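I have placed the structure first, in the form of structure tokens, so that the comments after it can refer back to it.
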Amino acid sequence: MVQYIVIRKNAESSNSAENNTYGICACRFCDGLLEIIKCIYNISDNVTWLKALADKLNRNDADPIHLCDIIEDELYNVKTM
């Protein structure tokens with residue numbers, strides 16, 4: 001079963017939380033190993049929104065092949081609201 005988690009990439013120039021960007025990773029835990037299936041980095045600095053999106057992906061058992069399209073659609077929806 002694929003699980004979606006939020007990932008953080010710290011800014012290289014500063015340790016400030018303001019410079020963090022977040023993404024989503026599709027992964028699977030199998031036989032004691034964490035298998036990374038697909039990661040999309042630098043989606044947003046809004047970790048709350050991304051956690052909600054990861055929860056939505058998990059609830060709907062989204063296929064990782066569609067992850068880029070889903071993120072693109074969600075970003076479009078946020079911009080048009």
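What you are looking at is a predicted structure, and each value in this text was computed from that prediction instead of being measured. Just so you know, residue 1 is the first one in the sequence shown, and it goes up from there.
- A single hydrophobic cluster is not seen to contain both Val2 and Ile5; linkage of ILVMFWY side chains at heavy-atom distances under 4.5 Å, directly or through other members, places them apart.
- Here Ile24 contributes atom CD1 and Ile71 contributes atom CD1; the two are 5.0 Å apart, rounded to the nearest 0.5 Å.
- By the rule that hydrophobic residues join a cluster once side-chain heavy atoms approach within less than 4.5 Å of another member, Val47 and Ile70 end up as members of one cluster.
- Ile7 and Ile43 are not part of a single hydrophobic cluster, where members link through side-chain heavy atoms under 4.5 Å apart.
- Rounded to the nearest 0.5 Å, atoms OG1 (Thr21) and CG (Asn46) are 12.5 Å apart.
- Residues Leu34 and Tyr41 are members of separate hydrophobic clusters, defined by side-chain heavy-atom contacts under 4.5 angstrom among Ile, Leu, Val, Met, Phe, Trp and Tyr.
- Leu50 CG to Asp45 CG: the interatomic distance, rounded to the nearest 0.5 Å, is 9.0 Å.
- Counting only residues at least two apart or in different chains, salt bridge (Lys or Arg N to Asp or Glu O under 4.0 Å) contacts with residues 23-37 comprise Arg28-Glu35.
- The salt bridge (Lys or Arg N to Asp or Glu O under 4.0 Å) analysis of residues 58-72, with sequence neighbours excluded, yields no pairs.
- Taking CG of Leu75 as the start and CG of Leu53 as the end, the distance is 8.5 Å to the nearest 0.5 Å.
- Side-chain contact between Tyr4 and Asn60 is absent, with no heavy-atom pair separated by less than 4.5 Å.
- The shortest non-hydrogen separation linking Lys38 to Cys68 is CE-SG, 3.9 Å.
- Dense packing is recorded around CD1 of Ile36, with more than 12 heavy atoms of other residues, nucleotides or ligands lying under 6.0 Å away.
- Between the OH atom in Tyr22 and the NZ atom in Lys51 there is a gap of 8.0 Å [rounded to 0.5 Å].
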